[in-house]
Structures are given as structure tokens and as C-alpha cells.
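Only one structure is covered here, and it is reproduced in the block below.
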There are 2 protein chains.
Amino acid sequence: MILNHMVEFQAPHLDAVFHALSDPTRRAMLHRLTDGQRSVSELATPFNMSLAGASKHIKVLEGAGLVRRHVQGRTHMCQLEAARLAEAQEWLRTYERFWTSRLEDLEEILREEDRATAQAAGKLPEKPSTPENTSRRQK
Amino acid sequence: MILNHMVEFQAPHLDAVFHALSDPTRRAMLHRLTDGQRSVSELATPFNMSLAGASKHIKVLEGAGLVRRHVQGRTHMCQLEAARLAEAQEWLRTYERFWTSRLEDLEEILREEDRATAQAAGKLPEKPSTPENTSRRQK
DNA sequence: AATTTAGTCAACCATATGGTTGAATATTAT
DNA sequence: ATAATATTCAACCATATGGTTGACTAAATT
């Protein structure tokens, strides 16, 4: 529970990171940066888009902390900054158990039966499942 | 290179998945589903939001394939569907090497030096770095 | 049969997003 | 000094997003 809190709230970047990743142009840009630094115009060229448009995308990536920029003269060099990607992966790791093992399916089924019985036992409470009262079976 | 293509293009869900994950309400909803199925109103209650609003969020999650819905009578039961999360994690895995090992930093530095020399050697080509001509040092 | 409950739908609103163009800024090359 | 290059900025546009409310549909309860 405490860990969940940490994952959910100790990473206040997730909104920005996931949003940045939701655009294919930006994902492609990140991917090109795995090969090394690229200037803004280098990053822009493969895309059928104005330089200003590409520049905006880069700013989104920068804002999400996925790219760092070093200005050298008139060219802005962009570099992949992976830390926030690690945070995103960490968030996803919480859900790994839902695809890694069929054992988890069984666990899930048991939980379901549990719920079903509880529901059959009586009326649903008025606030049936706030985070506070669903800790019945904590991890 | 072929693998990169696969990661980038064989997962056409990434836009929708990452977009779905970019909203804290939706992430919280997913999280609550790790504890078992929830009806739409159960999912909605913890949030200071109209039922219709929450319903929209759930539809976004459904659209991204992160939630499945079984209608039983008048209640719609929502269930976590993790496969697409696995795809997202798979995409992120491509970047793991950028945070897992300091060895990669060295590799990166070497690549940088390589680039710098190439640049010093002559003018930058007109299309300096299309995906085709940056395969100089392939993975 | 009447009412409550669960949920969607449609219309609306403010703001965000992804894109454009044209002008502005600063650096480098001639 | 002039021109070219690299990039941002500001204004604009269409569409998407996250939210609301009120009306509607369908199922369960009384």
C-alpha cells in the first residue's frame, strides 16, 4: 500500500512522460537519439513537418525530462535522458504480475470469488470501494 | 534495425496506451483494478467527478485495450487487461540500456567522438541524418 | 405499476494539442 | 558589412481533451 503510494505519487512526472510518449513523432525522435546526440534540425528532417513544429515536439520531450539540450553556438544539441523512462517502466512494473504468470490468474479468480461472496452476503455498502475499505486483501 | 522497426511499428497501440496512461485519474483507476473487478460506479466513487466524467475515462481505457467490460444486467464490470501494458513495457525495454549500465555511457561517448570527428572532417551533408544514413554504427 | 439504480448519450464549455506561417534573434560564413 | 544558417517566438487554426449538465434507456426493487 505504501509502495503503491510511492509509485503513484512519488513520480509526479508520469503525466508528462506518458503524454510525451503518446505521440509517434516524439517516440521516433527519442529513438533516433539512442544513436547519439542530434541537433534540432537533424531531429526534424525525417518528419514531414515544419522546423517549428518539430521544435515544439522537442520542447515537449524536454519538458517531460526525456531530452536534455546543450546549446553550442547557434545549434542546439539534444541528448536522450533516460531516467524518466526508467520511472515509467517502474510504474509499469507494478502490473507485471498480470501478464507474467498464469499463477496470478488463479489468485485473481480467488479474489473474484471473495468479492462475489461478499456481495452476495449483503447489500453493497454506500461507498463500496474507496481506497480505504478495499484493503481487505493487501499485497 | 529490423527489431527497432518492429518495436516502433508492430505495436500500433502505443499512442492510445501511452495517452491513456498520461492521466492520473486513469492510472488510479487501473490501479484499483489490480485488486479485482470493479463496476463503473465503483471505479468512479473515489474521484471528485461526475459519473459521466468517470465513464469517459473508462472508455478511454477500454479504447486503449487496458480494460475489458462485461455487462451483467445493469452493471458494467471492468477488468484490467494487461497485455497492452506489456507492449508498453516492451517498448520501454529498448531504452533500458541507457539507465542500466555505466558501460553504455562509455559507448555513448565513443559514438559522440565518432560523430564529432565526422563533423570536423567536412561540412555536414545536406540531409545529415536520415534513418538511412545513420546506420553507420548499427546495433 | 412506480421508483430507484446503473450507466450512456448528447450538447456544451474551456483549455490543450499538433500543426502551420511569418517575423525575430543570434551565430557563423563570405 | 552582408548573407546564410539554426532556432525560437507569436499568432493563428482545427481538432482533441477533460470536464460539466440534463435527458434518456434499461434493469432491479418496492
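Numbers restart at 1 for each chain; the letters A, B, ... are given by sequence-line order, proteins then strands.
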Smallest heavy-atom separation, B/Leu21 atom then A/Phe18 atom, equals O-CD1, 3.4 Å
Distance, rounded to the nearest Å, where A/Glu62 contributes CD and D/dC9 contributes C1': 15 Å
Sequence-distant partners of B/Gln89, side chain to side chain contact (heavy atoms under 4.5 Å, CB included), two or more places apart: A/Gln89, A/Leu92, A/Arg93, A/Glu96, A/Trp99
Between A/Glu62 and A/Arg68 (salt bridge meaning N to carboxylate O under 4.0 Å), is one present in this structure? no
Between A/Arg38 (CZ) and D/dA6 (P), how many Å, whole number? 15 Å
Listed once per pair and sorted, the side chain to side chain donor-acceptor pair (under 3.5 Å) pairs that draw on residues 46-59 of chain B, sequence neighbours left out: B/Arg26-B/His57
Of A/Arg38, A/Gln37, A/His31, the one forming a side chain to side chain donor-acceptor pair (under 3.5 Å) with A/Asp35 is A/Arg38
Within this structure, what is the CD-to-P distance between B/Glu42 and C/dA6, rounded to whole angstrom? 10 Å
Counting primed atoms, P, OP1 and OP2 as sugar-phosphate and everything else as base, the B/S/- map of nucleotides 17-28 of chain D against protein heavy atoms under 4.0 Å is SSBBB-----BS
